[in-house]
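The basis for the numbers below is simple: all heavy atoms, side chains too, and nothing from hydrogens, waters or symmetry mates.
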There are 2 protein chains.
Amino acid sequence: MLTVERHKLIIEKLKEKQVVTIQELVKLTNTSESTIRRDLAFLEKEKYLKRVHGGAERLQGKLAEPDVAEKSTKFIQEKRIIAKHAASLIEKGDCIFLDAGTTIHQMIDFLTKDQNIVVVTNGLHHIDKLLKKGIRSYVVGGFMKPTTGAVIGNGALLSMNQYRFDKCFLGVNGIHSEFGYTTPDPEEAAVKQRAIQLARDTYVLADHSKFNEISFAKIADISAATIITDQLQIEQQDLFLQKTNIEVVEQ
Amino acid sequence: MLTVERHKLIIEKLKEKQVVTIQELVKLTNTSESTIRRDLAFLEKEKYLKRVHGGAERLQGKLAEPDVAEKSTKFIQEKRIIAKHAASLIEKGDCIFLDAGTTIHQMIDFLTKDQNIVVVTNGLHHIDKLLKKGIRSYVVGGFMKPTTGAVIGNGALLSMNQYRFDKCFLGVNGIHSEFGYTTPDPEEAAVKQRAIQLARDTYVLADHSKFNEISFAKIADISAATIITDQLQIEQQDLFLQKTNIEVVEQ
DNA sequence: TCAAATCCATTCATTTTCAATCAATTTTAA
DNA sequence: TTAAAATTGATTGAAAATGAATGGATTTGA
């Protein structure tokens, strides 16, 4: 995880919480105590927060301002462009599945209540935003994986069986012409797999860093989905274009 | 709990109460007498309050503002006392169901990871806290009701059928000796009903305002649960004590 | 007033948190 | 490609926070 992303997460946390412990942030960002301490030291110097023993405290200042850090980082920008395009594919009245993960999370900003869509998601971090938007939403039941905020496990698969989707939007960790779509956790892979089975159309949202990567658990062959990305090396282009649908969003 | 958090709680308490005893604060913050004494010493030095024998009293200094805005905090503290007692009933290794709602929400603060419990909940607002605490948790699948953050509907009932609970903790809107437990939304009532069916023991957490109230949808007869509350009118006491288990937590 | 009960300050051992440092890795620049 | 710079996680002794215990002070009520 990038430094700026962590900083953004910490600031977000303090917007909602007043005080936050170091241990919480370690879990949230999946890094070490040392790193969080450094982050806090930096953010304190920048007047974003006040350090206290065991954590940090909100400061009435910079972070009272609306979304400064938000949407500013290059990485997030890239994801937002992809997410925006993905959202534009949704039609009125669609029933869609939204996978857990930050890329998919960005999509929610581009959904509107009056599209009259129905959303099903296994992403716990999406819930708040969906509710605030007033979008008709269903959550998948099952085990809540702390690190990613994804609902997984056998319960999740059963729970999903109640639904059918017009479109399904997934994040992945690796895209490879031979090994297909992959992700580190087999249980998360199983959920994505099931989502694909239950959906008429599947879209994989991926920034450039995901291409030619292979992770542990296979989700599906590359032909199982349409890839939405924002840039592609020329040599990759040929390779992928032969085998699957791919939509490249220009900057 | 962080030191600054305790300090804030104490100050909040004094905004509302004029004087507060050490014992109250011990209960409120779930810490030791020593810690509270140290907190009071510090806050006195900072001119936030004046220590008196047995506790502390408000000072017309820094926190002089009447700040009546916090009508909610009083309620919250009442709920916390009830919630703490409820949490104390949980045994190592228990599988428990946590209903949606603010009273139940307070319980989470008193759960610990090393109790090795399993939590199932339909309360979306509980998720964050549960994950942060590192407690093994499952979410009920189904429709996310925006106003209350409860998961409801047929999907929820199906999803819950996968589980059995040692104990089940519910919030309600009305408790009446004749009409039993009631709540405004029939769909939420159905979830609570199902939780009762799936649990060995059921506890209803209720502050004084819930007694002798009747809401729209019936959940169960009054004998279906043990009520946990913090105060009870004398005339009510007789009435209820005949018909059901009730545990009154003293201040 | 006196005795019992409660409350308090102090001390101590334990636990948690902290800052500083270092080696390993990753990123950047040349 | 190589070297410099930045980032990271682990380690370590110091500092802070905590809960319990002790004995002295204060309050209470008979």
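The side chain of Arg37(B) approaches dA9(C) more closely than any other nucleotide in the set dG19(D), dA9(C), dA19(C). Of the candidates dT11(D), dG19(D), dA9(C), the closest approach to any side-chain atom of Ser34(A) belongs to dT11(D).
Using cut-offs of 30° and 60° on the angle between ring planes, the pair His7(B) and Phe42(B) is parallel.
With rounding to whole Å, Ile22(A) atom CD1 is found 20 Å from dT15(C) atom P. Spacing between atom CD of Glu33(A) and atom P of dT16(C) amounts to 11 Å, rounded to whole angstrom units. Taking atom CG of residue Leu40(B) and atom P of nucleotide dT18(D), one finds them 13 Å apart after rounding to whole Å. Between Ile36(A) atom CD1 and dG9(D) atom P there is a gap of 9 Å when expressed in whole angstrom units.
Counting any heavy atom pair closer than 4.0 Å across all strands shown, Val26(A) reaches no nucleic acid atom. Among the protein residues, Thr35(B) comes within range of the sugar-phosphate backbone only, with heavy atoms under 4.0 Å from sugar or phosphate atoms but none that close to a base.
Phosphate proximity of dA9(C) to Arg51(B): present, with a side-chain N or O under 4.0 Å from OP1 or OP2. Put simply, Ser32(A) has a side-chain N or O that comes within less than 4.0 Å of OP1 or OP2 on dG9(D). When the side-chain nitrogen and oxygen atoms of Arg6(B) are compared with OP1 and OP2 of dT18(D), one or more of them lie within a distance under 4.0 Å.
Judged purely by distance below 3.5 Å, without hydrogens or angles, the side chains of Ser223(A) and Asp221(A) never pair a donor atom with an acceptor atom.
A donor-acceptor contact under 3.5 Å links the side chain of Arg38(B) to the base of dG19(D).
Counting heavy atoms from C-beta on, the side chains of His176(A) and Ile222(A) never come closer than 4.5 Å.
Of the candidates Asn122(B), Thr121(B), Leu124(B), Val140(B) forms a side-chain contact (heavy atoms from CB on, under 4.5 Å) with just one, namely Asn122(B).
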